[in-house]
Amino acid sequence: RLIQAMSRHAAATPGVSLANVEFIGLDIEPYMLARASAINATLAVETGCARITWLLGSALEMSALPIFRQQHPTRKTVDLLTIGFGSISHFYLPGQPEQFLAEVAKLLTPGTGQAQISVVNKLLIHPERGLDKDITDPLPPSEHTSVEFPGVVYRETVTENGVEGNVWRVVRHIEVWKGQDTLLERNIDTAMFRVWTETELRGLISAAGLRLVQVVPQEVDTLFIVSI
């Protein structure tokens with residue numbers, strides 16, 4: 001979606017060209033890469049960008065990928081790095097946020113490169129109000145119709161929802177139905193997210209050798225824009 005949005009913006013803005021721009025998409029799941037590649041199969045031609053490259057790997061080990069290694073003959077640096085909506089909060093284990101920010105520092109183009117790090121607002125602890133109470137409110141059951149599989153419905157019930165220390169834990173029971181009568185499968189999904197204070201994030205950014213350029217509050221998330 002990000003590539004598509006940037007492409008639409010470039011197409012609608014006189015004097016803006018993507019001819020020298022290469023997009024690099026990274027994900028740890030092969031299925032997500034295959035889906036992104038299929039959705040954007042013709043985008044490079046349509047928008048006139050140099051190329052779109054999809055890489056399998058972890059955001060915690062980006063600098064180990066061949067094209068980013070110091071020894072690579074055509075090593076690339078990154079002019080603009082974005083991480084999916086609020087995804088830094090997925091790095092909830094001790095040391096993971098520091099490792100991710102260290103990787104960002106290794107990849108950015110010195111002097112000009114920037115990274116936009118998104119944090120969901122309800123995962124930011126306000127200095128006066130504390131943590132958003134909505135984060136631990138009971139969540140009602142929900143139902144979603146599959147876009148890809150006709151007649152398939154996903155029914156979700158949240159059985160656990162709470163914060164312990166600096167981690168928000170959510171447990172969901174998910175049922176997959178075909179129509180109203182056929183249960184295809186049951187799954188249990190446990191999601192863990194890091195909660196933050198702005199002071200804490202600023203300290204981690206500085207410790208990684210990054211410079212905080214701007215903090216941009218938005219309706220549902222806050223962008224921490226950093227450079228090297």
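Side-chain atoms are counted along with the backbone in the values below, which use heavy atoms only and exclude waters and symmetry mates.
Applying the side-chain contact (heavy atoms from CB on, under 4.5 Å) criterion to S118, with sequence neighbours excluded, gives F85, D221, L223. For the side-chain contact (heavy atoms from CB on, under 4.5 Å) test, residues two or more places apart in sequence or in another chain that qualify with M192 are Y92, V167, R169, T190. The side-chain contact (heavy atoms from CB on, under 4.5 Å) search around E164 returns none, not counting sequence neighbours. With sequence neighbours excluded, the residues satisfying side-chain hydrogen bond (donor to acceptor under 3.5 Å, both in side chains) with E156 are R172. Residues satisfying the side-chain hydrogen bond (donor to acceptor under 3.5 Å, both in side chains) test with T82, not counting sequence neighbours, are none. Residues satisfying the side-chain contact (heavy atoms from CB on, under 4.5 Å) criterion with T53, sequence neighbours excluded, are E22, I24, R51, L55. The ring pair (Phe, Tyr, Trp, His ring centres under 6.0 Å) check on F193 picks up H90, W168, with sequence neighbours excluded.
In this structure, L26 and L65 have side chains that are in contact, with non-hydrogen atoms separated by less than 4.5 Å. Residues V195 and S89 are not in side-chain contact: their nearest non-hydrogen atoms beyond the backbone lie 4.5 Å or more apart. Within the 4.5 Å cutoff, the side chain of F224 has no heavy atoms near those of the I88 side chain. A 4.5 Å side-chain heavy-atom check between M62 and V78 finds every atom pair outside the cut-off.
Placement of L108 and I117 within a single hydrophobic cluster is found when ILVMFWY residues are connected by side-chain heavy-atom separations under 4.5 Å, directly or transitively. When the side chains of ILVMFWY residues are joined at heavy-atom separations under 4.5 Å, either directly or via intervening members, L81 and I67 end up in a single hydrophobic cluster. In the hydrophobic cluster analysis, where Ile, Leu, Val, Met, Phe, Trp and Tyr join through side-chain heavy atoms closer than 4.5 angstrom, V215 is grouped together with I83. When the side chains of ILVMFWY residues are joined at heavy-atom separations under 4.5 Å, either directly or via intervening members, L33 and F23 end up in a single hydrophobic cluster. The hydrophobic clustering, which links ILVMFWY residues whose side-chain heavy atoms are closer than 4.5 Å, places Y31 and I52 apart.
One finds the CD atom of E160 at 7.5 Å from the NE2 atom of H173 (value rounded to the nearest 0.5 Å). A distance of 13.5 Å separates CZ of F68 from CD of E61, quoted to the nearest 0.5 Å. In this structure, CD in Q114 is found 8.5 Å from CD in Q214, a value given to the nearest 0.5 Å. Of the inter-residue distances, the one linking T109 atom OG1 with K76 atom NZ reads 11.0 Å to the nearest 0.5 angstrom. One finds the OG1 atom of T157 at 10.0 Å from the CZ atom of R155 (value rounded to the nearest 0.5 Å). Separating the NZ atom in K122 from the CG atom in L124 is a distance of 12.5 Å, to the nearest 0.5 Å.
Judged by distance alone, the side chain of R211 and the main-chain N or O of I228 form no donor-acceptor pair under 3.5 Å. Remark: side-chain polar atoms of D79 are not paired, donor with acceptor, to backbone N or O of T112 under 3.5 angstrom. Put simply, the side chain of D132 never gets that close to the backbone of L123: no donor and acceptor are under 3.5 Å apart.
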Could you check L184 against T182 for side chain to side chain contact (heavy atoms under 4.5 Å, CB included), going step by step and ending with a plain yes or no? CA-CA 6 Å; L184 300 178; T182 305; 4.0 Å; yes
Walk me through it: do N121 and T222 pass the test side-chain hydrogen bond (donor to acceptor under 3.5 Å, both in side chains)? CA-CA 6 Å; N121 288 337; T222 296; 2.6 Å; yes
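Nearest heavy atom pair, residue V120 against residue G86, reads CG2-CA, 3.8 Å. Between M6 and L80 the shortest heavy-atom distance is CE-CD2, 4.3 Å. Nearest heavy-atom pair across I28 and S58 is CD1-CB, 4.0 Å. For the residue pair W54 and S37, the shortest heavy atom distance occurs at NE1-CA, 3.6 Å. The minimum heavy-atom distance between R75 and T77, with the atom names listed, is NH1-CG2, 3.5 Å. A pairwise comparison of heavy atoms in I125 and L131 identifies CG1-CD1, 3.7 Å as the closest pair.
Hydrophobic clustering, defined by side-chain heavy atoms of Ile, Leu, Val, Met, Phe, Trp and Tyr closer than 4.5 Å, groups I188 together with V171. Taking a 4.5 Å side-chain heavy-atom cut-off between Ile, Leu, Val, Met, Phe, Trp and Tyr, the cluster of V16 contains only that residue.
Annotation for N20: atom CG does not count as buried by contact number, only 12 or fewer foreign heavy atoms lying within 6.0 Å.
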Under 3.5 Å, sequence neighbours excluded: what are the donor-acceptor pairs made by side chains of residues 200-208?
residue, atom, partner, partner atom, Å
E200, OE1, T197, N, 3.4
E200, OE2, R194, NH2, 2.6
R202, NE, E198, OE2, 3.0
R202, NH2, E198, OE2, 3.1

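The ring-ring contact (aromatic ring centres under 6.0 Å, His included) contacts involving residues 119-164 comprise nothing, where partners must be two or more places apart or lie in separate chains. Judged as a salt bridge (charged side-chain N to carboxylate O under 4.0 Å, His left out), the pairs with a partner in residues 101-116 (not counting sequence neighbours) are, in order, E103-K106.
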